[in-house]
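Every chain is numbered from 1 and lettered A, B, ... according to where its sequence line falls, protein lines coming before strand lines. These numbers come from a predicted model, not from an experiment. Both backbone and side-chain heavy atoms feed into the values below; hydrogens, waters and symmetry mates do not.
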Amino acid sequence: MKEEAVIQVENLTKKFGDFTAVNAISFEVKKGEIFGFLGANGAGKTTAMKMLIGIYKPTSGNAQVASFNVYKNPNEIKKNIGYMSQKFALYDDLTVKENITFFGGIYGLSRSQIKEKTAQLIEELNLQETVNQLVGTLPLGWKQKISFSVALLHNPKIVFLDEPTSGVDPITRRQFWEMIYETANNGTTIFVTTHYMDEAEYCDRVSIMVNGNIEALDTPKKLKKQFNVVTMNDVFLKLARSPSLTLPFGKGVKND
Amino acid sequence: MGIKIENISKSFKKIEALKDITFNVNDGELFGLIGPDGAGKTTLFRILTTLLIANEGTASIVGFDVEKDFQKIRNIIGYMPGKFSLYQDLTVEENLKFFATIFGTTIEENYDLIKDIYIQIEPFKNRRAGKLSGGMKQKLALSCALIHKPKVLFLDEPTTGVDPVSRKEFWEMLKRLQQKGITILVSTPYMDEAALCDRIALIQDGRILQIDTPEEIIKHYPKTIYNVCADNMYKLIESLKKYTHNYNVYPFGEFVHYTDKRIDFNPNELLHFLEEQQLKNIQINKTQPTIEDTFMELAK
């Protein structure tokens, strides 16, 4: 079971006019794997991820995500994945409970399922005291844990995390990674996009994108050995050149 | 002279953002304020840059009091806020010109100071600031903060949202600015950047946990840390948490940082225990503490 691929990407390409943002990338991600998707600003990782979650239509190439095709069934993909970003996680003006109800509804859960899930989350995250508080009043670490759980409400096959732990205090960050390990151990695939190399160190395997291409893909241990360095940060520095200096046009511009 | 902070406290309604903060930054020092989001870093920066008044305590910048002499301070400091605060609709060059004019100077007059940095974005000088990438915005913001040749530079999370390549370049720029005699107070949530500062203050929940050089802070870590790894990270963490002698169990990238309660800890005992838990490919090796280990120990 563990070897089953839940993301299969083959020569996936995205062009914006003359500019190739993602250049024929290929890789596979297995069930229950924690996969790190790394790259500098403007390397193409956001564009690649948007194709994988069914938001952008690829220019060419192919990809299957949670056994659905990115051209034919982008909406099925959206139903079968979870997404959590550091920048946007939960509605600050809603209570914890209202957020769970809202996102449960969006993900198509029935009322009884939402009720059940709410009770389960209160129990697991010890939210008895906070469930009726506005999310905006909670510490960042709490928000992160709740929003991760909310991204898992509909039991997705894959959950996409965008810089999930940046700025979080070191102890909470570790509690968060423990949640991720547990989720992966239960068979959910974790796809982490980040340019924080300390997050990369926690992944089973990582890919590094440079100028639209995947330049490296392996376990952090093997990559460090291959480049003869001690941290993923050093691996990254050896691979990635500064986008603002080497690229004449396009990459220096925000592409979202 | 540098920066003097004495018993500064600040509350917003019920929230105590800063609790009795005291420390000095020496003249010409590169000083790091290290802590997670919500630790109080920005509040302290706003007090020191005269944008906010503390409830208690005093602070001075090169001898000027942050309350009484706020106008003098504003002329001699450069401040780069955490949030990009330049004019998005002005071009790169227009922004720089604007800040130079406000401070009664010109780009030409202080070009030497910003040359290293500005030269990298100069090819895009006619582009609007809002259209720049994160790394380029950061270089422009730094150029604008430097254009009046400040004595003290305040940088609030300058590397947040910036990739490792730009981060590295940024720290190299800071070192060069320091060599030109500018005192720098920089904040960051990234513990790995602590090692690049002369001295650091670790801050969490509005309180200073420790102040020292990065080397001294690491030296004072009270325990021996072991890097432990095995083929299943989740089961490894579960097992280590079950082990009755554990002092701390923290995932740390591909390893777990393990510390034991006992002084006469024998790693072989732990190895046996983990083998009994059906873990495979177990490795246990001594390792050096990091700033992050110390931070967690102090913040517990």
Side-chain angles (χ1 to χ4, degrees), chain A residues 34 38-43 86-87 137 139-141 163 166-178 180-186 195-204 219-221 224 231-237 239-245 247-249 251-255, chain B residues 15 35-39 120-121 123-124 127-128 130-139 157 160-169 188-192 202 204-205 229 232-238 241 248-257 290-297 299-300:
Chain A
I34 303 172
L38 322 178
N41 295 325
Q86 162 75 274
K87 283 161 218 133
T137 65
L140 181 68
E163 291 170 9
S166 89
V168 182
D169 74 81
I171 295 178
T172 309
R173 179 186 305 167
R174 284 173 173 79
Q175 293 166 350
F176 190 79
W177 278 105
E178 287 176 28
I180 292 179
Y181 286 137
E182 185 179 0
T183 308
N185 195 61
N186 292 337
H195 56 226
Y196 297 113
M197 292 306 122
D198 59 329
E199 292 187 326
E201 303 271 1
Y202 290 85
C203 299
D204 294 326
T219 63
K221 188 178 252 166
K224 285 184 258 183
T231 64
M232 278 305 295
N233 201 58
D234 294 331
V235 172
F236 192 95
L237 289 175
L239 269 172
R241 290 159 292 271
S242 168
S244 61
L245 291 178
L247 293 166
F249 192 71
K251 288 279 181 64
V253 184
K254 252 172 87 173
N255 57 11
Chain B
I15 300 162
D37 290 1
Q120 301 177 44
I121 48 172
F124 311 96
R127 188 177 287 179
R128 287 186 189 192
K131 295 276 181 198
L132 297 174
S133 71
M136 285 161 71
K137 276 185 181 166
Q138 178 210 40
K139 281 169 191 145
E157 297 204 16
T160 293
V162 175
D163 66 62
V165 179
S166 307
R167 257 173 72 181
K168 184 166 181 269
E169 286 173 2
T188 178
Y190 306 117
M191 306 277 157
D192 58 339
L202 302 179
Q204 172 146 304
D205 294 332
C229 65
N232 184 320
M233 189 54 107
Y234 175 64
K235 284 186 187 142
L236 174 64
I237 294 167
E238 292 276 285
K241 288 197 164 172
N248 276 328
V249 176
Y250 289 130
F252 234 94
E254 60 178 291
F255 300 104
V256 175
H257 277 191
T290 65
I291 297 282
E292 211 164 346
D293 290 298
T294 310
F295 192 99
M296 289 193 285
E297 186 58 27
K300 269 206 301 194

- Name the option with the most non-hydrogen atom pairs under 4.5 Å to chain A; the candidates are Pro36(B), Gly253(B), Ala299(B).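 Highest number of pairs under 4.5 Å: Gly253(B).
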
With chain A as the partner, which of Val162(B), Thr160(B), Asp293(B) has the greatest number of non-hydrogen pairs under 4.5 Å?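 Going by pairs under 4.5 Å, I would pick Val162(B).
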
So, for Ser166(B) and Gly135(B), which heavy atoms are closest and what is the spacing to 0.1 Å?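 Looks like OG-CA, 4.2 Å.
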
Original post:
Which residues pass the salt bridge (Lys or Arg N to Asp or Glu O under 4.0 Å) test with Glu163(A), sequence neighbours left out?
Top reply: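 Result, salt bridge (Lys or Arg N to Asp or Glu O under 4.0 Å) vs Glu163(A): none returned.
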
Residues in residues 197-204 of chain A that sit under 4.5 Å from chain B, counting heavy atoms only
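Within residues 197-204 of chain A, near chain B: Met197(A), Glu201(A), Tyr202(A).
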
Given that the side chain runs from C-beta out, which part of [X] has a heavy atom under 4.5 Å from chain A: side chain, backbone, both or neither?
X         : result
Tyr250(B) : both
Phe255(B) : neither
Val249(B) : backbone
Glu254(B) : both

Test side-chain contact (heavy atoms from CB on, under 4.5 Å) on Ile34(A) and Met233(B) and set out the steps.
CA-CA 11 Å; Ile34(A) 303 172; Met233(B) 189 54 107; over 6 Å; no

Which atoms of Ile171(A) approach chain B - backbone, side chain, both or neither, heavy atom under 4.5 Å: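 The answer is both parts of Ile171(A).
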
Min side-chain heavy-atom separation Phe295(B)-Thr290(B) under 4.5 Å
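Sidechains of Thr290(B) and Phe295(B): no contact.
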
Thr172(A) vs Phe176(A) side-chain heavy atoms within contact, under 4.5 Å
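Result no, sub-4.5 Å side-chain heavy-atom pair not found.
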
Taking Lys221(A), Gln175(A), Met232(A), Arg173(A) one by one, which has the highest count of heavy-atom pairs under 4.5 Å against chain B?
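Ranked by heavy-atom pairs under 4.5 Å with chain B, first place is Lys221(A).
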
- [ ] Run the numbers on Glu157(B) and Asp37(B) for side-chain contact (heavy atoms from CB on, under 4.5 Å), then give the verdict.
- [x] CA-CA 10 Å; Glu157(B) 297 204 16; Asp37(B) 290 1; 3.8 Å; yes

Worksheet entry | Donor on one side chain, acceptor on other, Asn186(A) and Thr183(A), under 3.5 Å |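 Looking only at side-chain atoms, Thr183(A) and Asn186(A) do not form any donor-acceptor pair under 3.5 Å.
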
Next on the checklist: More than 12 heavy atoms of other residues, nucleotides or ligands under 6.0 Å from NZ of Lys235(B): yes or no?
Outcome noted: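 No, because the 6.0 Å sphere around NZ of Lys235(B) holds 12 heavy atoms or fewer from other groups.
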
Review point. Hey, mind stepping through Glu297(B) and Asn248(B) against side-chain contact (heavy atoms from CB on, under 4.5 Å) and telling me if it holds?
Key: CA-CA 9 Å; Glu297(B) 186 58 27; Asn248(B) 276 328; 3.1 Å; yes

Exercise for the section: Show your reasoning for whether side-chain contact (heavy atoms from CB on, under 4.5 Å) applies to His257(B) and Met296(B). Expected result: CA-CA 12 Å; His257(B) 277 191; Met296(B) 289 193 285; over 6 Å; no

